[in-house]
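Okay, so here's the structure we're looking at.
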Amino acid sequence: MTPIRRTGRRTAAVAALTLVAAGCGIRGTSVPVDAGGAPSRVSCKAPASEPAPNPPGRSQATVYLVCGSALAQVERAVSLPKGSATTDPRLPAARALLKELQRQPSSDEDRAGFSTALPQDLKVTAPRAGDAADTLRLSIRPEDLPSFALAQLVCTYGASPALGKQHAAVLGGPGDATAHRYDCSADVLANPDIAENAGWGDPLTEDD
């Protein structure tokens, strides 16, 4: 009779412990669980610019990079070549800024949490016949670009004095479709995935 009572007491103790664990929200497991390290935090603050003057032929330009779920501006020394008699003077600037966006962030920028979404194979060309003078044609349709990439491009172009500093960009794709005007607003900076919404990008009219 004694062994039976001991077994009953042991069973009751195990059941009690199980109830206590359940009440504390603890789930039993038969294997160790590695929850990983604590999530790292990034500053999203651009590295301080050097006081030294820019190298010859280069000037300060604002580019927008991805940090977290938003865009943040970074100042870089960029070579903005001038156009020739047969080349749209805006086109070399647009190409230089695109190249800068395609470049991987520096080690300091990377530590601060910056990245870029621009495809390496994206190219920009001059407007076609019938396009508005400030149109830039992309080798990929704007609506086919990753939303963050399109927002980066629009805001970087919109901030450039060489492109008129209009806080917007008029972009078209490689086809014959009409170019659209994309505004770099506070909403776009805070929510770059706005590019997934059909309402972003106004078609140009004859009055534009």
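P92 and P89 make their closest contact through CD-O, 3.4 Å (heavy atoms, listed as atom of the first residue, atom of the second, distance). What you find for A117 and A149 is that their closest heavy atoms are O-CB, 3.4 Å. Scanning both residues, A133 and P127, for their nearest heavy atoms gives O-CG, 4.0 Å. Nearest heavy-atom pair across S115 and P105 is CA-CG, 3.7 Å. Closest of all the heavy-atom pairs between P192 and S69 is CD-O, 3.1 Å.
Between K123 and D121 there is no salt bridge, since no side-chain N of the basic residue sits under 4.0 Å from a carboxylate O of the acidic one. Looking at E109 and R76, a side-chain N of the basic residue comes within less than 4.0 Å of a carboxylate O on the acidic one, giving a salt bridge. We find that R90 and D134 are not joined by a salt bridge, their nearest charged nitrogen and carboxylate oxygen being 4.0 Å or further apart.
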Between C155 and V188, is the side chain to side chain contact (heavy atoms under 4.5 Å, CB included) condition met? List the steps. CA-CA 9 Å; C155 291; V188 172; 4.1 Å; yes
Step by step, would you call V154 with H167 a side chain to side chain contact (heavy atoms under 4.5 Å, CB included)? CA-CA 8 Å; V154 167; H167 304 290; over 6 Å; no
Go through T125 and S139 one step at a time and tell me if the side chain to side chain contact (heavy atoms under 4.5 Å, CB included) criterion holds. CA-CA 8 Å; T125 58; S139 59; over 6 Å; no
Could you go through the side chain to side chain contact (heavy atoms under 4.5 Å, CB included) check for V170 and L136 one step at a time? CA-CA 6 Å; V170 180; L136 292 167; over 6 Å; no
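Here S160 contributes atom OG and L97 contributes atom CG; the two are 5.0 Å apart, rounded to the nearest 0.5 Å. For the atom pair CG of L153 and CD of Q102, the computed distance is 9.0 Å after rounding to the nearest 0.5 Å. Taking OH of Y182 as the start and CD of E143 as the end, the distance is 5.5 Å to the nearest 0.5 Å. Here NZ of K99 is found 8.5 Å from OG of S79. Values are rounded to the nearest 0.5 Å. In this structure, the separation between CG on L118 and CZ on F148 is 13.0 Å, given to the nearest 0.5 Å. Rounding to the nearest 0.5 Å places CG of L98 at 13.0 Å from CZ of R103.
Considering only heavy atoms from C-beta on, P142 stays 4.5 Å or farther from H180 through its side chain. Side chains of D131 and T178 form no contact here, defined as non-hydrogen atoms less than 4.5 Å apart. Side-chain atoms of L145 and P119, non-hydrogen and from C-beta on, do get closer than 4.5 Å to each other. Inter-residue side-chain proximity for Y64 and L101 is flagged as unmet; no heavy-atom pair is nearer than 4.5 Å.
Contacts classified as salt bridge (Lys or Arg N to Asp or Glu O under 4.0 Å) and involving residues 160-177 (residues at least two apart or in different chains) are given here: R128-D176. For residues 148-157, the set of pairs meeting the side chain to side chain donor-acceptor pair (under 3.5 Å) definition, not counting sequence neighbours, comprises T116-Q152.
Judged purely by atom type and a 3.5 angstrom limit, R137 uses its side chain to pair as donor or acceptor with the backbone of G175.
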